[in-house]
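Working notes, structure below.
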Amino acid sequence: GAVVSQHPSWVICKSGTSVKIECRSLDFQATTMFWYRQFPKQSLMLMATSNEGSKATYEQGVEKDKFLINHASLTLSTLTVTSAHPEDSSFYICSATSFVLASGDTQYFGPGTRLTVL
Amino acid sequence: RKEVEQDPGPFNVPEGATVAFNCTYSNSASQSFFWYRQDCRKEPKLLMSVYSSGNEDGRFTAQLNRASQYISLLIRDSKLSDSATYLCVVNRDSNYQLIWGAGTKLIIKP
């Protein structure tokens, strides 16, 4: 139980294009979803916290107009990297929590999406 | 100062040895603490939660020192499969956001 999927698992795109990444909780309804970014040899950096039906809360320094988050249902959140540039190349990971399954501190992680912008 | 600090390593350890990592955190209001492991190009996986009384799970022992604001992880009888990056994770205040250390890389050698 508590499986989180991400799609696509990897993507290569040209500079200036937009890329959408989906995060789904497959067998549970997520209370909250989180989006992280991880550059090589660095820690996971929280980008935003997302709850179904409300606007995402972005961390300081994360441009909300560039990283659009839509949390349309209790099982789906999407991150769209708009006008991607090479510096946006990174490993994007989502996670989800469920107060039904565990405490709010337990996050179930998706397998990540590796984005390469040429 | 980083919110969560770890020695990046790498720690090169022979198979069967015991290895210990420490991690310090800056937010004294943090209530929940975890160790995750992350394999190369994979998502992090929860290794264990860390409780005030200390806890053990097989070869792994975690300790929390609130006064000094550090967390430790001890791995006994290390296996080749223990090679990974170990991430120290702390919650942020009373909400459920997690703050991640940069990780300590462990390499177990045969």
Side-chain angles (χ1 to χ4, degrees), chain A residues 1-7 9-10 21 23-25 30-51 56-62 89-116, chain B residues 1-11 21 23-27 29-52 55 57 62 64 71 84-107:
Chain A
V3 177
V4 176
S5 71
Q6 276 185 247
H7 178 80
S9 55
W10 60 269
I21 302 171
C23 176
R24 291 181 186 273
S25 54
T31 308
T32 301
M33 287 183 167
F34 300 90
W35 285 97
Y36 295 90
R37 180 168 53 179
Q38 186 178 31
F39 293 108
K41 298 187 179 181
Q42 294 187 24
S43 64
L44 274 71
M45 297 298 296
L46 179 64
M47 298 176 68
T49 303
S50 175
N51 292 290
T57 302
Y58 289 82
E59 292 298 297
Q60 190 174 10
V62 178
S89 299
S90 187
F91 191 44
Y92 291 86
I93 309 174
C94 74
S95 70
T97 61
S98 168
F99 287 110
V100 174
L101 295 177
S103 71
D105 284 332
T106 300
Q107 295 189 14
Y108 304 99
F109 284 85
T113 297
R114 193 160 298 280
L115 171 64
T116 301
Chain B
R1 182 187 172 189
K2 293 181 182 177
E3 290 185 79
V4 179
E5 295 204 59
Q6 295 181 250
D7 181 341
F11 285 48
F21 311 133
C23 159
T24 58
Y25 61 95
S26 61
N27 188 343
S30 295
Q31 295 295 320
S32 302
F33 311 89
F34 309 90
W35 283 103
Y36 279 73
R37 70 169 277 168
Q38 186 176 26
D39 294 290
C40 188
R41 294 177 169 267
K42 299 286 187 181
E43 78 275 21
K45 294 189 184 297
L46 179 63
L47 182 63
M48 57 198 306
S49 301
V50 187
Y51 304 117
S52 297
N55 48 303
D57 183 1
L64 167 64
I71 307 150
T85 296
Y86 289 83
L87 302 165
C88 175
V89 186
V90 175
N91 82 323
R92 176 189 284 169
D93 298 325
S94 59
N95 63 37
Y96 297 108
Q97 294 172 337
L98 300 178
I99 306 302
W100 298 71
T104 298
K105 187 170 185 177
L106 173 65
I107 300 171

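Here the structure is a predicted model, which is why all the values come from computation and not from measurement. In what follows, every chain begins at residue 1, and chains take the letters A, B, ... in the order their sequences are listed. All heavy atoms count here, side chains included; hydrogens, waters and symmetry mates do not.
- Listed in order of number, the residues of residues 40-48 of chain B that approach chain A to under 4.5 Å between heavy atoms are B:Arg41, B:Lys42, B:Glu43, B:Pro44.
- Within the model, atoms CG of A:Leu46 and CG of B:Leu98 stand 8.5 Å from one another, a figure rounded to the nearest 0.5 Å.
- Taking all atoms of both residues into account, the shortest heavy-atom contact from A:Leu44 to B:Trp100 is O-CB, 3.7 Å.
- When the shell of 6.0 Å around CZ of A:Phe39 is examined, it contains more than 12 heavy atoms from other residues, nucleotides or ligands.
- Looking at A:Lys41 and B:Lys105, their side chains never come closer than 4.5 Å, going by heavy atoms from C-beta outward.
- For A:Gln6, no part lies under 4.5 angstrom from a heavy atom of chain B.
- Considering only heavy-atom pairs separated by less than 4.5 Å from chain B, the leading option among A:Ser95, A:Gly110, A:Pro40 is A:Gly110.
- B:Gln6 does not touch chain A: none of its heavy atoms, backbone or side chain, sits under 4.5 Å away.
- For the atom pair A:Gln107 CD and B:Tyr36 OH, the distance stands at 6.0 Å (nearest 0.5 Å).
- Contact record, A:Ser43 with B:Gly101: CB-O, 2.9 Å, taken as the closest heavy-atom pair.
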I'd like to know whether B:Gln97 forms a side chain to side chain contact (heavy atoms under 4.5 Å, CB included) with A:Glu59, so could you lay out the CA-CA distance, the side-chain angles of the two residues, the decisive distance to 0.1 Å, and finally the verdict. CA-CA 11 Å; B:Gln97 294 172 337; A:Glu59 292 298 297; 3.5 Å; yes
